[in-house]
There are 2 protein chains.
Amino acid sequence: MSDKNKSEVTINDIARALGISASTVSRSLNDSSKISEKTKSRVREMAVELGYELNLVASSLSKSKTNLIGVIIPRLNSQFFSQAVSGIEEVARQSGYQIIICQSNEDFTKECEMAKVLYSTRVDGVVACLSKETTTVEHFNVFIQKKVPVAMFDRVSYAIEGPKVVVDNYEGAYRATEHLIASGCTRLAHLAGPQNCKVFQERAEGFRDALKKAGLPLLPRHLLASDLNEKDVRDSMALWMGLKEAPDGIFTASATSGLLMLNLVRNYNVRVPEDMAFISFGNEPCNELITPSLSAVDMPGLDMGKAAAKHLVDAIEKKQNGDGIFLKPIQLLIRNSSFR
Amino acid sequence: MSDKNKSEVTINDIARALGISASTVSRSLNDSSKISEKTKSRVREMAVELGYELNLVASSLSKSKTNLIGVIIPRLNSQFFSQAVSGIEEVARQSGYQIIICQSNEDFTKECEMAKVLYSTRVDGVVACLSKETTTVEHFNVFIQKKVPVAMFDRVSYAIEGPKVVVDNYEGAYRATEHLIASGCTRLAHLAGPQNCKVFQERAEGFRDALKKAGLPLLPRHLLASDLNEKDVRDSMALWMGLKEAPDGIFTASATSGLLMLNLVRNYNVRVPEDMAFISFGNEPCNELITPSLSAVDMPGLDMGKAAAKHLVDAIEKKQNGDGIFLKPIQLLIRNSSFR
DNA sequence: GTGAAAGCGCTAACAG
DNA sequence: CTGTTAGCGCTTTCAC
């Protein structure tokens with residue numbers, strides 16, 4: 001009847017229609033225990049009759065709670081990250097939160113901007129995986145100061161508080177290298193990632209230590225730090241193939257670089273795994289479909305995402321800062337590229 | 001100096017500190033043209049001094065604009081979707097919007113719920129790709145009624161207004177089939193998707209028509225509608241291989257099913273592409289890395305995402321509903337699985 | 001069990 | 001150019 005031309009139906013409209021107060025309507029809609037069932041149902045009916053829909057921005061403002069979680073990640077298009085985001089989204093939604101996605105694109109400056117706008121959005125928490133470029137985390141201080149929990153996964157920083165969900169990169173690298181050695185490789189090489197980034201440091205370290213432990217030398221130029229982009233991978237491959245002592249076992253610090261290398265090696269007269277074995281840190285579905293299938297250290301992306309979100313939500317709701325390091329198991333997937 | 005213990009610094013604090021009004025502060029911070037440069041800079045300085053950060057939820061409430069875009073997609077973990085979301089995120093952010101991601105997981109009920117909460121969040125617009133189950137789009141009516149633009153891509157519905165970004169599924173399927181025929185296949189089969197879903201209908205239709213055009217028969221059970229999940233694919237493969245007249249050319253309606261089939265065929269004594277050629281609708285990076293490499297109809301996920309976001313933003317800002325169908329080109333990627 | 005009133009932080013007429 | 005005054009729609013004491 002009161003078909004007002006106003007765009008939005010509010011609790012006031014319901015209140016007016018029912019001849020009660022807005023607070024009663026609010027309480028009813030929130031299922032407050034101190035409202036009679038009768039009133040509640042009258043309110044609910046009128047709400048649907050008028051086509052009322054809660055306005056979360058108003059609600060957020062008055063409650064100082066947005067039920068929004070900011071997610072900062074390097075990018076979306078890798079199995080690991082899309083799985084992680086899936087996991088985050090799933091547990092977030094189950095817990096009543098929505099997620100705002102920001103891709104830093106491995107760009108530190110963008111990461112900083114994103115932190116700012118997420119803060120302005122007053123997200124209740126953020127889960128982040130740092131860019132490769134990131135070496136300082138002061139851009140997260142806004143959150144810390146205002147008691148907004150920050151959960152990190154994979155590429156984390158221990159310089160700020162909050163839950164961290166990680167894998168043991170050192171161990172994964174160590175075991176991968178060990179495996180290559182067990183397969184009979186003696187001239188091992190490692191295509192490492194940017195060494196300012198902790199996870200890549202750890203992977204390089206695991207590699208080095210495994211060699212040391214086995215009494216194997218690290219041949220000159222057999223450990224190459226790089227950005228892991230396509231050019232770097234191609235250059236590294238070319239460099240190694242030109243060496244007098246070319247590697248007979250290669251461990252790459254990322255899935256994509258491993259895939260690319262395995263592809264590049266076809267241009268040479270080299271048998272895999274007989275002449276050259278491969279294993280990569282990080283697994284893509286692709287790894288087991290190609291020929292030869294590519295061995296990998298698998299990181300549980302989905303689980304890590306879920307865990308990060310879970311610990312974040314706990315931190316948000318229980319007001320416990322949720323500090324803690326949660327180590328997720330990696331898995332060595334041995335396939336044809338290294339099995340001999 | 002005025003180190004009040006209040007958690008949030010507001011424009012009022014700045015106003016008080018400077019002995020001016022809150023509106024002047026607001027205008028300054030928004031770089032209004034009618035504020036003296038001098039005042040602006042005093043305000044800006046005081047803002048950083050006090051550690052002020054804009055509260056977007058308050059701003060959103062008073063402006064009735066959230067600068068949030070809701071994204072509803074079936075899932076994240078396929079090249080196509082992660083690329084699409086990347087594209088959406090990129091142009092959204094460049095245009096000053098943040099995106100809220102919701103995965104329907106191909107579940108119609110979830111899709112409906114998501115539409116509801118996105119509306120409650122008062123997103124300024126939504127970009128959606130319908131779930132396979134979705135046959136009705138009434139859950140989007142909230143948006144339409146309230147003039148919130150809805151852009152759709154790939155799996156779209158013409159039952160509601162708003163920009164649609166699509167590829168010509170019929171044409172892609174037609175050309176893929178045509179290609180198989182040109183390669184010498186005569187007993188063609190198509191693993192189709194759920195036929196309530198338009199894109200899969202169109203693909204099946206393109207397949208049928210290409211056969212007809214070439215005067216080739218559609219052999220019994222050579223067109224199988226399915227859900228494209230792993231079990232369906234396995235069953236279909238088994239069924240086909242058991243046929244007296246087994247297919248010698250297979251066109252799958254999705255990338256993953258194609259990949260899986262190509263993998264399954266190894267269990268049979270069949271040469272690819274000599275005895276059986278393959279091509280899939282949808283391409284994954286994987287497709288060119290496997291052996292034999294898998295031919296595909298490639299959809300430009302990134303572009304489609306960007307386009308959808310762009311048209312949505314236009315619709316939001318120019319108040320033009322942006323109706324229109326934007327056809328993105330597909331590309332036939334002929335690789336070893338079908339080239340003979 | 002329900003109402004009145006204040007307020008969350010910002011913006012936007014309307015004055016001057 | 002700047003200030004005053006109302007809200008935006010909802011929640012939340014504090015009364016009754």
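Side-chain atoms are counted along with the backbone in the values below, which use heavy atoms only and exclude waters and symmetry mates. Only a predicted model underlies this, so the values are computations on that prediction, with no experimental measurement involved. Below, chain A is the first sequence line, B the second, and so on; all start at residue 1.
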| Value in whole Å for how far the P atom of D:dG7 lies from CD of A:E8 | 16 Å
Tabulate protein N/O versus nucleotide N/O from nucleotides 13-16 of chain D, keeping only pairs under 3.5 Å, one per line.
residue, atom, partner, partner atom, Å
D:dT13, O4, A:R27, NH2, 3.0

| field | B:K198 atom NZ, over 12 foreign heavy atoms within 6.0 Å | value | no
| request: For A:I20, report the nucleic acid contact type (base, sugar-phosphate, nothing); a contact means any heavy atom under 4.0 Å. | output: sugar-phosphate
| said: Do A:N105 and B:E90 have side chains that approach each other closer than 4.5 Å (heavy atoms only, starting at C-beta)? | reply: no
| query | So, are B:R42 and B:E49 salt-bridged, with charged N and O less than 4.0 Å apart? | reply | no
| Name the one of B:I88, B:D124, B:T66, B:V91 that satisfies side-chain contact (heavy atoms from CB on, under 4.5 Å) with B:Y97? | B:D124
| query | When the distance from CG of B:L29 to C1' of D:dT2 is rounded to whole Å, what number comes out? | reply | 15 Å
| 5' priority, DNA chain D, between B:S32 and A:Y52 [closest heavy atom] | B:S32
| query | A:S21 side chain: which of C:dG9, C:dG1, C:dG3 is closest? | reply | C:dG3
| message | Between A:K306 and A:D303 (salt bridge meaning N to carboxylate O under 4.0 Å), is one present in this structure? | response | no
| If only side-chain N and O atoms of A:T39 are considered, is one of them under 4.0 Å from the OP1 or OP2 phosphate oxygen of C:dT2? | yes
| request: Check the distance between C:dT2's P and A:I11's CD1 and give it to me in whole angstrom. | output: 15 Å
| request: Please state whether the rings of B:F326 and B:H311 are parallel, tilted or perpendicular, taking 30° and 60° as the class boundaries. | output: parallel
| remark: note: A:E53, atom CD; D:dC10, atom C1'; distance rounded to Å ~ 15 Å
| query | Is any side-chain N or O of B:N12 closer than 4.0 Å to OP1 or OP2 of C:dC10? | reply | no
| request: Would you mind reading off the distance between A:I14 atom CD1 and C:dT2 atom P, rounded to a whole angstrom? | output: 15 Å
| request: Using only side-chain N and O atoms of A:S59, determine if any of them is under 4.0 Å from OP1 or OP2 of D:dG9. | output: no
| task | Specify the separation, in whole Å, of atom CG of A:L61 and atom P of D:dG9. | result | 12 Å
| Test log, rule salt bridge (charged side-chain N to carboxylate O under 4.0 Å, His left out), inputs B:K116 and B:E113 | CA-CA 5 Å; B:K116 267 197 116 134; B:E113 282 165 15; over 6 Å; no
| What is the distance from NZ of B:K65 to C1' of D:dG7, rounded to the nearest Å? | 20 Å
| task | Would you classify A:S36 as touching base, sugar-phosphate or nothing, given that sugar-phosphate means primed atoms plus P, OP1 and OP2, and contacts are heavy atoms under 4.0 Å? | result | sugar-phosphate
| query | Does atom NZ of B:K147 have more than 12 heavy-atom neighbours, drawn from other residues, nucleotides or ligands, at distances under 6.0 Å? | reply | no
| task | Applying side chain to side chain contact (heavy atoms under 4.5 Å, CB included), name anything that partners B:E106, two or more places apart in sequence or on another chain. | result | B:P74, B:R75, B:S131, B:K132, B:R155
| Would you say a side-chain N or O of A:S26 is under 4.0 Å from OP1 or OP2 of D:dT11? | yes
| Would one find a side-chain N or O of A:S62 under 4.0 angstrom from OP1 or OP2 of D:dT11? | no
| Between atom CG in B:N55 and atom C1' in D:dC8, what is the gap in whole Å? | 13 Å
| said: Under 4.0 Å, heavy atoms only, any strand: does A:K63 hit a base, just the sugar-phosphate, or nothing? | reply: sugar-phosphate
| task | Note down the inter-axis angle between the two ends of the helix from C:dG1-D:dC16 to C:dG16-D:dC1, five pairs each, to the nearest 10°. | result | 30°
| task | Please round to the nearest 0.5 Å and tell me the distance separating atom CD of B:E89 and atom CD1 of B:I69. | result | 10.5 Å
